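Data block below; observations after.
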Amino acid sequence: LSSFPYKGADFYMMLQVCADESYRLDDGGAKVIAICGWLSRPDNLQGFCPFWSAVLKAYGVEYFHFNEFADRKHLYSDKTPYDHLNDIERENFLFDLALVACEMGVPVGACVSPNNAATDTEMHLIIHAYKWFFAGVHKVMQEKFDIGDVVDFVFDENDNPIWKIVMIETLNAFKKNGAPFGNRGYQDDKIFIPLQAADLYVFAMRQNAIRFYSTNRK
């Protein structure tokens, strides 16, 4: 696979960010939102997909979804696609996927948690998360890519319309202010393999963020 960061090309590139959200906003959760993914070239994504698929096939799994993978005690479902794996196989499976994911491109993302749990609403947190996410992508574009390069965004499908509204409004605001952002769209992560790598990354980042915010940091 092609290496990143990549700067100094003789031509402008059309790039893609494949991103996903992970969050717990219920009263019993840690109230952490993470939006993370990978910034890459479309041709690099095509090269990545066979490697990811090969890991899935080696472990007899059709797709990767971290929420299902983490549901070992079947709290949310009667069975998962990973029930046939023993402890060692599960650990090796996750590490093999992570190593392949790291070849996908530049990691980008953001994690947020309430400064004041009593006043910070769900909408406030979602807006805050997308602002930090797009700001991070913009910074990477400025530091590691050429002027004139443009990045499109592919997000995992989300049934909550609030997330889509906030994402579009925030993306348009960055574009209006000159960010090199192009189109946006949604895909099914069971079909669009790069989103499975984004799912792995964002779940891990949210878990790390929960540990960080549990020490009362902001």
Side-chain angles (χ1 to χ4, degrees), residues 2 4-7 9 11-23 25 32-49 52 63-67 101 104-112 122-206 209:
S2 301
F4 280 82
Y6 184 85
K7 190 171 177 65
F11 55 89
Y12 297 138
M13 291 190 293
M14 178 60 69
L15 305 159
Q16 280 186 341
V17 166
C18 301
D20 196 5
E21 310 99 3
S22 183
Y23 51 94
L25 298 174
V32 170
I33 290 178
I35 304 176
C36 297
W38 303 91
L39 190 159
S40 188
R41 296 200 311 268
D43 62 323
N44 203 66
L45 294 179
Q46 292 177 0
F48 149 84
C49 289
W52 186 273
Y63 62 89
F64 179 77
H65 191 250
F66 218 136
N67 280 335
M104 186 171 162
V106 179
V108 291
C111 298
V112 301
E122 177 178 335
M123 177 64 81
H124 174 87
L125 285 177
I126 295 173
I127 293 172
H128 198 47
Y130 274 115
K131 284 182 177 179
W132 276 103
F133 170 75
F134 285 120
V137 175
H138 191 191
K139 184 177 181 180
V140 170
M141 292 293 292
Q142 291 175 317
E143 293 181 350
K144 301 186 182 300
F145 296 91
D146 289 315
I147 296 175
D149 294 342
V150 178
V151 61
D152 289 338
F153 293 86
V154 181
F155 290 93
D156 188 21
E157 293 176 342
N158 191 318
D159 296 331
N160 189 335
I162 293 176
W163 285 80
K164 189 171 186 178
I165 292 170
V166 172
M167 185 274 289
I168 293 173
E169 290 181 349
T170 309
L171 175 62
N172 288 338
F174 271 84
K175 291 171 68 172
K176 186 177 293 186
N177 288 326
F181 296 165
N183 299 318
R184 44 80 185 170
Y186 288 87
Q187 293 283 350
D188 182 349
D189 61 356
K190 291 184 180 180
I191 299 174
F192 191 67
I193 289 178
L195 285 176
Q196 295 180 30
D199 176 82
L200 186 155
Y201 180 37
V202 74
F203 191 97
M205 287 298 291
R206 182 173 66 82

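Computed from heavy atoms alone, side chains included, the values below leave out hydrogens, waters and symmetry copies. What you are looking at is a predicted structure, and each value in this text was computed from that prediction instead of being measured. The chain is numbered in sequence order, starting from 1.
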Could you give the distance from [atom1] ([X]) to [atom2] ([Y]), rounded to the nearest 0.5 Å?
X	Y	atom1	atom2	value
Asn158	Glu21	CG	CD	5.0 Å
Lys139	Met141	NZ	CE	15.0 Å
Phe203	Asp20	CZ	CG	11.0 Å
His65	Leu195	NE2	CG	10.5 Å
Leu171	Phe181	CG	CZ	7.0 Å
Met104	Ile193	CE	CD1	10.5 Å

Worksheet entry | Pairwise side chain to side chain donor-acceptor pair (under 3.5 Å) hits with a residue in residues 183-205, at least two apart |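 Qualifying pairs: Trp52-Gln196.
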Discussion item. Suppose we screen for ring-ring contact (aromatic ring centres under 6.0 Å, His included). Which residues come up paired with Tyr63, at least two apart in sequence or across chains?
Written reply: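 Scan of Tyr63 (ring-ring contact (aromatic ring centres under 6.0 Å, His included), adjacent residues dropped) gives none.
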Item to complete: Applying ring-ring contact (aromatic ring centres under 6.0 Å, His included), name anything that partners Tyr23, two or more places apart in sequence or on another chain.
Response: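 With neighbours one apart ignored, the set is Trp163.
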Fill in: Greater than 12 external heavy atoms within 6.0 Å of Lys175's NZ
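Yes - once you tally the heavy atoms of other residues, nucleotides and ligands closer than 6.0 Å, there are more than 12.
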Practice prompt. Taking all heavy atoms of Cys36 and all of Ala198, pick out the closest pair and write down the distance.
Written response: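 What the structure gives for the nearest pair is O-CB, 4.1 Å.
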Item to complete: For the residue pair Phe174 and Phe134, categorise the inter-ring angle as parallel (less than 30°), tilted (30 to 60°) or perpendicular (more than 60°).
Response: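 Tilted.
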Worksheet item: Between His124 and His128, how do the two ring planes meet: parallel, tilted or perpendicular, split at 30° and 60°?
Response: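 It falls in the parallel class, under 30°.
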